[in-house]
Amino acid sequence: DLYPCDILFVHRDAEREPPARRRAEITDALADLDASPPTVCVIPVKMQEAWLLFDVDAIRAAAGNPNGRYPLNLPRPGDIEHLPNPKQTLRDLIRQASELTGRKLDRLDDRPHRVAEFIEDFAPLRHLPAFQAFEQEVAQIIGNQELR
């Protein structure tokens, strides 16, 4: 009610559950609402942070050090959904990319969400089935909106 939107994106990590179950949870929760806008379910296999582990430039920019030279060992795109803790991996990469030391590193704890702001092209994720499902759902919702 306070923040109306044209399309609602609802995120729920699949974790150990099948994506269909997470989708059903989202659908059930929305059924309790009087009205809801068209909804896109965002269901990464592990954690959404895994989808941010492919762009060195975005990680450096989020770390506040876009011209950094410290080598970052990003996982291969095909491996990102199989990492045990993508959230921690992203935090560690941001800390490395910052090239800061000591207490200054504590300032970076709120930076992981900013990586997405600096990604210009998500195409490297298009081989991941969960990302393909997300893109298809977005395209379908947008297509339906254009028909109205």
Side-chain angles (χ1 to χ4, degrees), residues 1-66 68 70-100 104-145:
D1 290 339
L2 297 175
Y3 303 100
C5 59
D6 296 319
I7 300 174
L8 178 64
F9 290 80
V10 179
H11 165 253
R12 181 78 165 95
D13 294 331
E15 289 294 334
R16 293 176 191 92
E17 297 294 332
R21 181 166 180 171
R22 295 302 190 206
R23 183 174 306 285
E25 291 172 359
I26 293 168
T27 303
D28 291 347
L30 292 172
D32 293 339
L33 301 176
D34 292 332
S36 66
T39 303
V40 173
C41 298
V42 184
I43 308 173
V45 169
K46 271 273 199 211
M47 300 174 188
Q48 103 181 20
E49 287 82 2
W51 286 0
L52 305 176
L53 290 171
F54 70 92
D55 191 322
V56 171
D57 293 336
I59 292 170
R60 288 188 195 286
N65 190 15
Y70 186 87
L72 300 179
N73 295 317
L74 272 59
R76 292 187 353 233
D79 295 337
I80 60 176
E81 291 187 323
H82 305 291
L83 295 172
N85 191 343
K87 188 176 294 196
Q88 188 59 51
T89 300
L90 184 58
R91 283 188 181 125
D92 292 345
L93 286 166
I94 289 170
R95 285 172 167 255
Q96 292 167 13
S98 75
E99 300 181 28
L100 296 174
K104 293 178 183 177
L105 286 170
D106 293 338
R107 292 185 290 182
L108 302 173
D109 289 342
D110 65 342
R111 301 283 176 99
H113 71 280
R114 297 207 54 221
V115 174
E117 297 173 21
F118 296 104
I119 295 176
E120 294 180 17
D121 185 7
F122 283 88
L125 299 178
R126 288 198 168 125
H127 73 282
L128 301 173
F131 193 81
Q132 291 170 6
F134 165 68
E135 275 196 319
Q136 289 169 1
E137 197 166 339
V138 169
Q140 180 182 6
I141 295 289
I142 291 172
N144 289 343
Q145 294 298 311

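Considering only heavy atoms from C-beta on, Arg91 comes within 4.5 Å of Lys87 through its side chain. Within the 4.5 Å cutoff, side-chain heavy atoms of Pro112 are placed close to those of Ile94. Using a 4.5 Å cut-off on side-chain heavy atoms (C-beta onward), Ser98 and Leu105 make contact. Between Val40 and Val10, the closest side-chain pair of non-hydrogen atoms is not below 4.5 Å. Taking 4.5 Å as the limit, every side-chain heavy atom of His11 sits out of range of all side-chain heavy atoms of Met47. Contact of the Pro77 side chain with the Leu125 side chain is not registered, since no non-hydrogen atoms from C-beta on lie closer than 4.5 Å. In this structure the side chain of Arg60 never reaches within 4.5 angstrom of the side chain of Asn65, judged on heavy atoms. A heavy-atom distance below 4.5 Å is not found between the side chains of Val45 and His82.
Between Pro66 and Gly64, the shortest heavy-atom distance links the atoms CD-C, 3.5 Å. When every heavy atom of Ala130 is checked against every heavy atom of Glu81, the shortest pair comes out as CB-OE2, 3.7 Å. Across Ser36 and Thr39, no two heavy atoms sit closer than the pair OG-OG1, 4.4 Å. Between Arg22 and Arg12 the shortest heavy-atom distance is NH1-NH2, 2.8 Å. When all heavy atoms of Pro19 and Ile43 are compared, the closest pair comes out as O-CD1, 3.8 Å. Among all heavy-atom pairs drawn from Ile80 and Pro75, the shortest one is CG2-CG, 3.8 Å.
In terms of modelled atom types and a separation under 3.5 Å, the side chain of Arg111 and the main chain of Ala62 share a donor-acceptor contact. Counting only distance, with no hydrogens or angles, the side chain of Glu99 and the backbone of Tyr70 share a donor-acceptor pair below 3.5 Å. When atom types are taken as modelled, the side chain of Asp13 and the backbone of Gln48 share a donor-acceptor pair closer than 3.5 angstrom.
Within a 6.0 Å radius of CG in Asp6, no more than 12 heavy atoms belonging to other residues, nucleotides or ligands are found.
Note that CD of Glu117 is 10.5 Å distant from CG of Leu52, once rounded to the nearest 0.5 Å. Remark: Ile142 CD1 to Gln140 CD distance equals 11.0 Å, nearest 0.5 Å. The CG atom of Asp28 sits 10.5 Å away from atom CZ of Arg21, with the distance rounded to the nearest 0.5 Å. In this structure, CG in Asp57 is found 10.5 Å from CD1 in Ile119, a value given to the nearest 0.5 Å. The structure places CG of Leu108 at 5.5 Å from CG of Leu100, a figure rounded to the nearest 0.5 Å. With rounding to the nearest 0.5 angstrom, the CG atom of Asp55 is 11.0 Å from the CZ atom of Phe118.
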Next item on the list: Give the intermediate values and the outcome of side-chain contact (heavy atoms from CB on, under 4.5 Å) for residues Cys41 and Ile26.
Entry: CA-CA 7 Å; Cys41 298; Ile26 293 168; 3.8 Å; yes

Next item on the list: Apply side-chain contact (heavy atoms from CB on, under 4.5 Å) to Val138 and Ile7, showing your working.
Entry: CA-CA 9 Å; Val138 169; Ile7 300 174; over 6 Å; no

Check: Passes salt bridge (Lys or Arg N to Asp or Glu O under 4.0 Å), Glu135 versus Arg126? Steps please.
Finding: CA-CA 8 Å; Glu135 275 196 319; Arg126 288 198 168 125; 2.9 Å; yes

Next item on the list: In sequence, state the C-alpha distance, the side-chain angles, and the governing distance for Arg95 and Asp106, and then conclude on side-chain contact (heavy atoms from CB on, under 4.5 Å).
Entry: CA-CA 9 Å; Arg95 285 172 167 255; Asp106 293 338; 4.0 Å; yes

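For Asp92, the salt bridge (Lys or Arg N to Asp or Glu O under 4.0 Å) test picks out no residue, with sequence neighbours left out.
Arg76 has a carboxylate O that lies under 4.0 Å from a charged side-chain N of Asp79, or vice versa, which qualifies the two as a salt bridge.
Using cut-offs of 30° and 60° for the angle between ring planes, the Trp51 and Phe134 rings count as tilted.
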